[in-house]
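Below you'll find the structure, written out as structure tokens, and then a few comments.
First the proteins, then the strands, lettered A, B, ... as listed; each starts at 1. For clarity, every value in this text was computed on a predicted model and none was experimentally measured.
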Amino acid sequence: MTVNNTIAHQRLILTGDRERFKELLRRRLIECGWRDQVRMLCRDAVKETEGNNVTLDTLVTRVTPRARALVPDTVKKELLQKIKTHLLTQKEH
Amino acid sequence: MNDMNGCIHLNNFKAAKGVNPYKVVHAFFVACTSQEARMYKATACLCFVCSQPGPRLHSCLHCIYFGCYEGHMQEHSKTKKHFLYIDLNHGNVFCAQCQDYIYDQELADIATRNRLKGAKSLGLSAPFMSWVPNANEAAALRRLRKRRMISPNTTIGLRGLQNLGSTCFMNCIVQTLIHTPLLRDYFLGERHKCKPSGAGKCLVCEVSKLFQEFYSGAKTPLTLHRLLHLIWTHARHLAGYEQQDAHEFFIATLDVLHRHCMNGLEDVEKKENGRCNCIIDQIFTGGLQSDVVCTCCSGVSTTIDPFWDISLDVAGPGSLQACLERFTRAEHLGSGAKIKCSNCRAYRESTKQLTLETLPIVASFHLKRFEHSEQIDRKISTFVSFPAELDMTPFMSSHRRAVDTADNNNGPEGVFEDNRYSLFAVVNHLGSLDAGHYTAYVRQMKGSWFKCDDHMITRADLAEVLDSEGYLLFYHKTVLEYECDV
Ligand SMILES: [Zn+2]
Ligand SMILES: [Zn+2]
Ligand SMILES: [Zn+2]
Ligand SMILES: [Zn+2]
Ligand SMILES: [Zn+2]
Ligand SMILES: [Zn+2]
């Protein structure tokens, strides 16, 4: 991370806006059914695992690429747009 | 990791040090329950070795050492023999000896409480938590073996209503209420518990029974004799109303239900800042703001009144949004309608503007298609389009204020507020004023529409719904906010 990035990151946490954006993202992912899809992926991954020895790490490595690909473009765009607008309006102060 | 009782390593740790280390780290660096905590998190959440904020930063539960999961956390666990870590993003506990995350009910409860506190400290609505059955409910689920699967093609909840002699104006409102998602959840969850004194006379109990009958799985049309009689006796002005207007019936029904909610054991005197908190008001009540601005001194006098629905003038072809835009436009009150300005201490000309101060969960719109005057009673069949998804933001007081002051940087509030609504019911009046008939379209599930024509229920599609004339339009808030109780 560059110095500027770090400052922006710290500021987002400090103002609580990071939490707000996270909450917005969480909502959108639930609304569009992403969370349910990922839950099904996890279920399948557990079923496929031999010997019942599933750890979070194996789930993460298996499911993450597919889960990432399933995030709808509209959600990415909305978040990006809102974060951009938000950071720009912050700078002017 | 099958049960909620942790692992031996976590249990030993808890026996020695209690839950406080977890509680404190979680409150400061995971959930941030205060502004002070956010300050710490913003500046301190970096790996002690590589100074990066991630990926997957964990804190050692023994010595509050921060390390990234893949490298420096594992390294710390080997050199210091500290085995328990908190994931600083999600708050889960990792045991390096078990090499996996550990479930522990006690810590999970602490995390939930901290998250609620964190949300509250930011003025956010409480995070969504999925339903977990309590002991009673779990027992009931084991006892009652019969399951009813809800599939995309299900027709559960759909039943016709017999017409008891021009009672279609009433049937279409009952269908609308039965298919109001939050009201359905309230009644199917048996949330109305009546006082003994209300027995047999309580209309809310009657509606509760009606919901059970609608969702019993039976398909034969229902007859509403008793309900009709009860509403009739409680809203006498309706009985004498010859027009038998669906809109009047809707408002009268809400009014009677709101009064009868006081029969509920838990609903007694539940008032918050002078406003009734019964289920009807929780779902249907919004706040209408009226700003009267003196043209002389620009002094503003503001009043806010509760509303159950919004009646809109139909002035030529247009859209619902255009009607709302007109409804919330500042209007000059001419010299014939001077209002006493408390500032100028004189009668002055003024402008008046209505905006929505708070939005109800269900937004109900009444298109004024019936014109009653001394000379003539007529119906206006002008086409007014209405959308399936409606954003109410432009009609809100806060938004109008921001636009008027050209204050474009409406900050995070503007970014995060969510005022989207989805259409879920439309009541139509067919035919002429004196020989008319009412039908209703209801959304049973997302994207699944039905037409209710008294005892007849037929499948419909959204295009057909949006093409209909529209007399009463019902929108449900798309995303619900949860209240923080901590
Ligand atoms: Zn590191
Ligand atoms: Zn340590
Ligand atoms: Zn362990
Ligand atoms: Zn009752
Ligand atoms: Zn009430
Ligand atoms: Zn004045």
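- Atom CZ of B:Phe48 is surrounded by more than 12 heavy atoms from other residues, nucleotides or ligands within 6.0 Å.
- The CG atom of A:Leu56 lies 9.0 Å from the NE2 atom of B:His90; values are rounded to the nearest 0.5 Å.
- In this structure, B:Lys14 places its NZ atom where more than 12 heavy-atom neighbours from other residues, nucleotides or ligands lie under 6.0 Å away.
- A:Gln10 contributes atom CD, which lies 7.0 Å from atom CG of B:Leu46 (distance to the nearest 0.5 angstrom).
- In this structure, A:Arg28 pairs ionically with B:Asp418, as a charged nitrogen and a carboxylate oxygen lie closer than 4.0 Å.
- Across every non-hydrogen atom of B:Arg56 and A:Val60, the tightest pair is NH1-CG1, 4.3 Å.
- Highest contact tally toward chain A, considering only B:Arg420, B:Lys41, B:Gln35, is held by B:Arg420 [criterion: heavy-atom pairs under 4.5 Å].
- Remark: side-chain polar atoms of A:Arg20 are paired, donor with acceptor, to backbone N or O of B:Leu122 under 3.5 angstrom.
- Between the CG atom of B:Asp100 and the OG1 atom of A:Thr58 there is a distance of 7.5 Å, given to the nearest 0.5 Å.
- Ranking A:Gln81, A:Glu31, A:Glu19 against chain B, the residue ahead of the rest is A:Glu31, based on heavy-atom pairs under 4.5 Å.
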Apply side chain to side chain contact (heavy atoms under 4.5 Å, CB included) to residues A:Thr55 and B:Gln99 and explain how you reach the verdict.
CA-CA 8 Å; A:Thr55 63; B:Gln99 273 299 310; 6.0 Å; no
Can I get a per-line list of side-chain donor-acceptor pairs under 3.5 Å for residues 66-74 of chain A, giving both atom names and the distance, sequence neighbours left out?
none

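- Two residues are said to be in side-chain contact when any heavy atoms from C-beta on lie closer than 4.5 Å; B:Val479 and A:Arg27 meet this criterion.
- Other residues, nucleotides and ligands contribute at most 12 non-hydrogen atoms within 6.0 Å of the CD1 atom of B:Ile8.
- B:Arg115 does not touch chain A: none of its heavy atoms, backbone or side chain, sits under 4.5 Å away.
- A side-chain donor from one of A:Asp57 and B:Tyr69 sits under 3.5 Å from a side-chain acceptor of the other.
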